[in-house]
Amino acid sequence: MTEVDSGQKRDAPANSPEKPNNRRGKKKNKWRRQKEYLDDKNRPKKKQRVETGVRGNWEPIVKSNEQFENYYKALQLFPEEEWDSFMSHMRVDLPATFRVVNSRGDSVPLNNIMKEQYFSKLKGVLIEGEPCPIPENIPWYKGGLAWQIDMSRPMLRHSEELFSLHQFLVSEVERGSIARQEAVSMIPPLVLDVKPHHTVLDMCAAPGSKTLQLLEALHAEGPHPSGLVIANDGDNKRCYMLVTQTKRFNSLAFMITNEDATRFPNVKVFNNAGKLVSLKYDRILCDVPCTGDGTLRKNYAIWKKWCQAQAIGIHKLQRRILLRAMDMLAEGGRIVYSTCSLNPIENEATVLSALRDRPQFRLVPSEGFLPELKRRPGLTTWKVMHNSGTWYEKFEDVEDPKHKKSVAPTMFPTDAEKHNLERCMRVYPHDQNTGGFFICVIERKETKSQSTESSNQEGVENVAGDLKEEGSKSDAAFSDNLHKNTNVLVDKMTWKDYHGFREDPYIFQDPDAECFKTLKEWYQISEDFPFKNIFARSKNPESQKQRNLSIACSRLRDIIQQNENKIKIINCGLRLFSFNKEVFSKCPYRLLQEGAHFTAKYMGAKIFEVSLEDMIKVLGPDTGVPKHTLQPDLFEKVKDLPTGIVVFYLPASGIIPTIYTCVYSTENGVKAYITEDEKNHFRLILGQEPLMTKRELKKLEAMENHRKKKIETAARIALENAQKENENGKDEADDGKTDEIEPDNENEIVEKDPSAVEMNSES
């Protein structure tokens, strides 16, 4: 053998590509490819906008799908003469809808302010030459607190004539007093009929608009209900969206979890005998994932990508979620199953198959729910179309082995007449100018069964057994295939998307902890304050995550302590105090505005009743209020206060509830320590004009810049057109002169210059 020098490279075998012998070489090649991609010569050019004063130059969306139309025509959801009306509504933008949150105590005065100060000013306003539509009450929503305006949300957002109304809505949404929500999306929580003592589970909660309605119903009789709401979602990122949506409600009886709804674990609690048992829920909302073809009026992308295969694939996931909900429901409890789809494969078929497997459940008649809501009864017959376009009346007709892999017996209306599917509710867009929706109410009618006894075991460990037994005799052959191919959407999610990050623990504090001593001394908090329910998110007292002290109700505390290692808890409870030693030297923990209404009832010091005049002063601009300008009795109480947070409250009067405001007291003055949106809300309730916020100033500046750019663009286009017209005029004039100077024949030359002929002859 010949030796190879240490600095010499060994030759590669013939006809074999040379490969790097270490990972560093691969990284280098990858970096080079990225560098070449980012090179100016290879960099993809950005799509240029056509500056015509409109918002971009994107191609218009074609609101048509031949497969969608043929499919639903064949199903005959409604009489044929209604089809044109149905499709015309589907192609029109969905109206903007919103509602006033009903359990904060100030819903009635806020609703009156909205009608008198904002809606009344829209009369006579023209938008693009057309009269501005006036918001109207949604007739079937209780209390007249839900509104619909016949224009799309983008138009409401960008119209200069509606600037004040839009900013009012944005401010109140940020504060949590108004919720923007599609009209049909409000129906499921209403028919679920939640009471303050109920234990409620929302299995697929994100983004949280329905969850907020559940919290409203739970707190309908006061801020401290005996029940609770658990909101769950399988997508970790959407769980944090749910936190943002619901934290404005400030509830002690609310928890967010991140679990797969098809395998939601049993929550362990102590019963009256002191034994650990599985928690049973009085109310469960199953607003399951769906194809969403009922939302075509706002989700335009569905027009292009809709196909029947989506419903075939997601049916199994929906069925598993509903079956799991049935196993966790308490005796006499109620489930609401809903989708924003029109497809019977996702709706009636899912419900029917679950009712066949769980005979102790029944559908509740829907006639008594929301009498003014226009709805259609559920379907009792339908056909199933395979992805290839083949229609089947019953599962026995499916002979192709490939078709049997996707078409399941649970998708057909077998024994539909025994289960009263007409009690379901279907909402169509052309009935009341809404989106499409499906809702049904399922009630448990028996106390014990083999399925519910098995569900009392550990939730995750028992799922496999439940899935093997979930089919009836007619679909037993399909059971194994369902077990293998279920959970369509979750399987496509990455591990990080589903599991997310490891959550910090919930550390409930000792009532005699050092951090409570300064709070008791500063605020003179009474002994009956539930200190044992206060928790932090870190064991280390010096950690940044222990700077916030939150509180949960007693039932939630017990659930967290017994199940924290079994359930992934994202958020719960209500924030009360925040640590800030640098500013508040006397008491390092300051009281937060979101928890002021709860803590104020236990405070014996640093809380002051104020007059209407003083409250309006404090809610003024951020410059602060000198103490000597306050009412004499209040001045005597606050003149010697050290630096720190105190509470001012205005007692309830008429329909206006008690207003609690955190105030930052200094040596010479006081200042409201709340957000701009909170301040403007209180000002409106007290009959004052709202202040201009930083968000509104930025919006006005952006609108002004857009208006100037639009004018400049129009002027430049007009100038360019004028220049083109001038150039075209010059070209026409030059063409005329050329005709005179360069004639086509010699005779014309003789007529103009006879000497030209003589010169030619001499030459």
Quick one: do Trp83 and Tyr72 satisfy ring-ring contact (aromatic ring centres under 6.0 Å, His included)? Show the steps, please. CA-CA 10 Å; Trp83 180 257; Tyr72 281 114; 7.6 Å; no
Is there a side chain to side chain contact (heavy atoms under 4.5 Å, CB included) between Asn571 and Lys247 once you walk through the steps? CA-CA 9 Å; Asn571 199 348; Lys247 71 178 181 180; 5.6 Å; no
Please step through side chain to side chain contact (heavy atoms under 4.5 Å, CB included) for the pair Ile655 and Asn112, ending with a clear verdict. CA-CA 11 Å; Ile655 61 175; Asn112 295 336; 4.2 Å; yes
Steps toward side chain to side chain contact (heavy atoms under 4.5 Å, CB included) verdict (Ile113, Ile685): CA-CA 8 Å; Ile113 290 170; Ile685 295 298; 4.2 Å; yes
Criterion side chain to side chain donor-acceptor pair (under 3.5 Å) on Asn533 and Ser554, from CA distance to verdict: CA-CA 6 Å; Asn533 293 349; Ser554 298; 3.3 Å; yes
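Within the 3.5 Å criterion, the main-chain N or O of Ile149 finds no donor-acceptor partner in the side chain of Glu136. The backbone N or O of Ala231 sits nowhere less than 3.5 Å from a side-chain atom of Thr211 that would complete a donor-acceptor pair. Not one N or O on the side chain of Glu594 forms a donor-acceptor pair closer than 3.5 Å with the backbone of Asn250. Not one N or O on the side chain of Arg334 forms a donor-acceptor pair closer than 3.5 Å with the backbone of Arg283. A donor-acceptor pair under 3.5 Å links the side-chain atoms of Asn258 to the main chain of Asp233, judged by distance alone. Judged purely by atom type and a 3.5 angstrom limit, Asp293 uses its side chain to pair as donor or acceptor with the backbone of Leu342. Arg297 contributes a side-chain N or O that, together with a main-chain N or O of Thr434, makes up a donor-acceptor pair within less than 3.5 Å. For Thr350 (side chain) and Ile345 (main-chain N/O), a donor-acceptor pair under 3.5 Å exists by modelled atom type. In this structure, the side chain of Asn232 does not engage the main chain of Cys204 through any donor-acceptor pair within 3.5 Å. Within the 3.5 Å criterion, the main-chain N or O of Met692 finds no donor-acceptor partner in the side chain of Glu676.
The minimum heavy-atom distance between Arg555 and Gly227, with the atom names listed, is NH1-CA, 3.8 Å. Between Pro139 and Gln432 the shortest heavy-atom distance is CG-NE2, 4.1 Å. For Gly208 against Thr246, the heavy-atom pair with the smallest separation is O-CG2, 4.3 Å. Between Leu363 and His419, the closest heavy-atom pair is CD1-O, 3.4 Å. Minimum interatomic distance between Lys699 and Gln167 (heavy atoms only, all atoms of both residues): CG-NE2, 3.6 Å. Heavy-atom minimum distance, Pro530 versus Ile551: CG-CD1, 3.8 Å.
With values rounded to the nearest 0.5 angstrom, Ile569 atom CD1 is found 12.0 Å from Cys239 atom SG. One finds the CD1 atom of Ile659 at 6.0 Å from the CE atom of Met615 (value rounded to the nearest 0.5 Å). A distance of 9.0 Å separates SG in Cys132 from CG in Leu126, rounded to the nearest 0.5 Å. Between the CE atom of Met203 and the CD1 atom of Ile335 there is a distance of 8.5 Å, given to the nearest 0.5 Å. Expressed to the nearest 0.5 Å, how far CG of Asn343 lies from SG of Cys290 amounts to 10.0 Å. Atoms CZ and CG, from Arg695 and Leu700 in turn, are 11.5 Å apart once rounded to the nearest 0.5 Å.
Using a 4.5 Å heavy-atom cutoff, the side chains of Val194 and Gln213 are not in contact. The side-chain heavy atoms of Arg423 and Cys440, taken from C-beta on, include no pair separated by under 4.5 Å. Between Ser177 and His681 the shortest side-chain heavy-atom distance falls below 4.5 Å. Contact check for Leu190 versus Phe369: no side-chain heavy atoms found under the 4.5 Å cut-off. Contact check for Ile302 versus Thr291: no side-chain heavy atoms found under the 4.5 Å cut-off. Within the 4.5 Å cutoff, side-chain heavy atoms of Lys115 are placed close to those of Trp147. For the pair Ile134/Asp150, no side-chain contact is recorded, criterion being any heavy-atom separation below 4.5 Å from C-beta on. Using a 4.5 Å heavy-atom threshold, the side chains of Phe264 and Thr257 count as touching.
Comment: Arg426 engages Glu348 in a salt bridge, judged by a side-chain N to carboxylate O separation of less than 4.0 angstrom. Between Lys298 and Glu182 there is a salt bridge, with a side-chain nitrogen of the basic residue lying less than 4.0 Å from a carboxylate oxygen of the acidic one. A salt bridge links Glu704 with Arg707; the closest basic N to acidic carboxylate O contact falls under 4.0 Å. Under the 4.0 Å criterion applied to side-chain N and carboxylate O atoms, Asp193 and Lys195 are assigned as salt-bridge partners. Salt bridge Asp431/Arg375: absent, no basic N to carboxylate O contact under 4.0 Å.
Within a 6.0 Å radius of CD in Glu221, no more than 12 heavy atoms belonging to other residues, nucleotides or ligands are found. Environment of CD in Glu689: sparse, with no more than 12 heavy atoms of neighbouring residues, nucleotides or ligands closer than 6.0 Å. Within a 6.0 Å radius of CD in Glu82, more than 12 heavy atoms belonging to other residues, nucleotides or ligands are found.
In summary, the aromatic rings of Phe78 and Tyr428 are positioned with their centroids under 6.0 Å apart. Centroid-to-centroid, the aromatic rings of His430 and Phe86 come within less than 6.0 Å.
Asp93 and Tyr300 are linked by a side-chain donor-acceptor pair at a separation below 3.5 angstrom, with hydrogens and angles left out of the test. Using a 3.5 Å distance cut-off with no hydrogens or angles, the side chains of Glu346 and Ser341 do pair a donor with an acceptor. Using a 3.5 Å distance cut-off with no hydrogens or angles, the side chains of Asn680 and Ser171 do not pair a donor with an acceptor. In this structure, a donor-acceptor pair under 3.5 Å is absent between the side chains of Lys280 and Thr199. Using modelled atom types, one finds no donor on one side chain facing an acceptor on the other under 3.5 Å when comparing Thr675 with Arg175. Checking Glu116 against Ser120 by side-chain atom types alone, no donor-acceptor pair falls below 3.5 Å. Asn111 and Arg99 share no donor-acceptor pair across their side chains, judged by distance under 3.5 Å alone. Side chain to side chain, Ser251 and His219 meet the donor-acceptor criterion of an N or O pair below 3.5 Å.
Screening Leu214, Val229, Asp282, Ile284 for a side chain to side chain contact (heavy atoms under 4.5 Å, CB included) with Leu201, the sole residue that qualifies is Ile284. Each of Asp106, Ile674, Leu650 was scored for a side chain to side chain contact (heavy atoms under 4.5 Å, CB included) with Phe682, with one residue passing: Ile674.
Taking the six-membered ring where tryptophan is involved, the planes of Phe119 and Phe98 are tilted, since the angle between them lies from 30° to 60°.
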